[in-house]
Amino acid sequence: MSLLKRIERNQEPNTTEPSRLQELRVKRASPTTGSRDAYVDLKNRIQQRLISELDPSMDITQTSQVRSTIEEMYEAMLAEESIVLTRKEKQRLFESIVAEILGYGPLEQFLGMEGVTEIMVNGHKDVFIERSGKLQRVGVHFEDDDHLMRIIDRIVAPLGRRIDEGSPMVDARLPDGSRVNAVVPPIALNGPTLTIRVFAKIPFTVENLIDFGTLTPESVEFLKACVVSKLNIFISGGTGSGKTTLLNILSSFIPDGERIVTIENAAELQLRQEHVVTLESRAANVEGRGEVSIQDLVINALRMRPDRIIVGEVRGGEALDMLQAMNTGHDGSLATGHANSTRDMLTRLETMVLMAGMDLPHRAIREQIASAVNLVVHQDRMRDGTRKVTSISEIQGMEGDVITTSEIFRFEQTGMENGKVIGRLRPTGLRPKFMWKIHDAGIMLPPSIFGIGSRRR
């Protein structure tokens with residue numbers, strides 16, 4: 001029986017084994033505690049030796065080369081100390097140590113796991129993931145709060161950010177674009193809290209969204225025509241409803257040859273066009289200086305000769321500048337915003353314009369919205385965890401003091417089956433008034449897309 005297996009069963013190594021291994025003996029508190037403490041002790045000891053013996057001048061960005069070097073040193077250390085492990089135990093310990101040195105510790109295994117879209121750490125003991133739309137607790141943890149803080153520092157440090165008692169909140173991103181939010185004491189009472197929005201290594205395609213039931217082929221053809229013909233589109237939805245994924249898909253329909261400027265809090269969009277300028281906001285430093293807001297970036301983008309402006313999320317006074325850009329020759333712009341419905345999105349836009357500090361009459365703001373925005377695409381996260389576009393609505397104009405809308409597509413739920421929502425995004429039978437813009441772009445959509453002249457499926 002291997003030493004590590006005995007440790008996990010909280011058994012004493014026998015006296016004939018090398019003296020160094022006697023350090024692995026643990027106090028008999030409980031089998032669970034003893035197992036954990038012994039494993040952590042072994043891992044930490046080897047890890048510290050590896051770190052102290054690695055060449056400080058080694059370029060850690062060359063991951064494969066560094067990993068190979070660590071593996072050679074690791075094998076040599078096990079042989080030197082006569083530590084007997086099975087192949088599975090040896091690989092498990094090695095991967096754990098490499099994750100600590102090069103990666104993100106216990107979280108490393110979930111970053112590449114299929115179906116994981118969110119990782120949530122509530123203090124060092126509680127780790128949860130969202131997989132396939134469902135929350136679940138996982139059986140990993142950090143050693144203590146200091147261990148978790150080291151991982152958080154490893155995420156934010158390369159971005160020139162810091163997090164401590166003086167600056168206890170930070171938004172950051174991983175090299176693959178995954179969005180990170182961290183909150184630490186004294187404002188986080190459970191200990192350091194980390195939330196990672198994981199993005200797929202390979203971006204979702206239109207076909208993926210059709211397979212997931214988020215969109216239908218008819219709605220995709222309609223939305224593609226709207227993007228190509230330079231209609232201004234807002235994507236609305238709640239937290240985690242898939243707005244950024246849908247924005248990425250719609251952005252992919254923009255033809256090559258147009259200058260695109262993207263503006264985000266944390267760069268997440270993955271555009272494939274050749275002429276893309278990516279801007280990212282910046283928080284103030286410890287002295288309260290150096291802040292660059294989304295509003296500053298929108299104003300600056302207007303001076304960059306953009307054909308399209310894409311704002312990752314409108315949440316404040318930048319709404320006014322965005323609407324003015326849409327009204328002054330920057331057609332085809334795209335943006336997202338948090339809202340529970342299409343009507344809520346329009347109300348929130350009105351509120352956000354007021355946040356710009358301009359004392360404008362409500363009717364003037366609504367006229368700006370009605371004139372600037374052509375289409376609102378609303379997406380929901382359903383009860384079964386799936387994300388679906390539930391409404392595609394045209395902004396038609398004003399009637400009195402009210403912005404009028406017309407729903408072109410609407411999600412119709414027909415029931416629940418094995419816990420899954422059954423339904424389909426269907427055309428309402430109405431044609432949008434902006435069809436002339438689509439025709440002017442040389443695109444002819446068949447009437448069947450709008451449910452005209454054909455039976456609904």
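In this chain, residues are counted from 1 in sequence order.
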The salt bridge (Lys or Arg N to Asp or Glu O under 4.0 Å) partners of Arg303 (sequence neighbours excluded) come to none
Check the side chains of [Y] and [X] for a donor-acceptor pair under 3.5 angstrom, ignoring hydrogens and angles.
X	Y	value
Glu407	Ser391	yes
Gln295	Asp321	yes
His378	Ser236	yes
Asn181	Asp171	yes
Asn265	Ser281	yes

Identify, with sequence neighbours excluded, every residue that meets ring pair (Phe, Tyr, Trp, His ring centres under 6.0 Å) alongside [X].
X	result
Phe212	Phe204
Phe411	none
His124	none

What pairs of residues pass the side-chain hydrogen bond (donor to acceptor under 3.5 Å, both in side chains) test when at least one of them lies in residues 432-446, not counting sequence neighbours? none
When the ring planes of Phe222 and Phe409 are compared, do they come out parallel, tilted or perpendicular, using 30° and 60° as the limits? tilted
Can you confirm whether Tyr104 sits close enough to Ile155 that some side-chain heavy atom of one is under 4.5 Å from a side-chain heavy atom of the other? yes
Is the shortest side-chain heavy-atom distance between Leu223 and Ile392 below 4.5 Å? yes
Can you list every salt bridge (Lys or Arg N to Asp or Glu O under 4.0 Å) pair that touches residues 369-387, not counting sequence neighbours? Glu130-Arg381, Glu130-Arg387
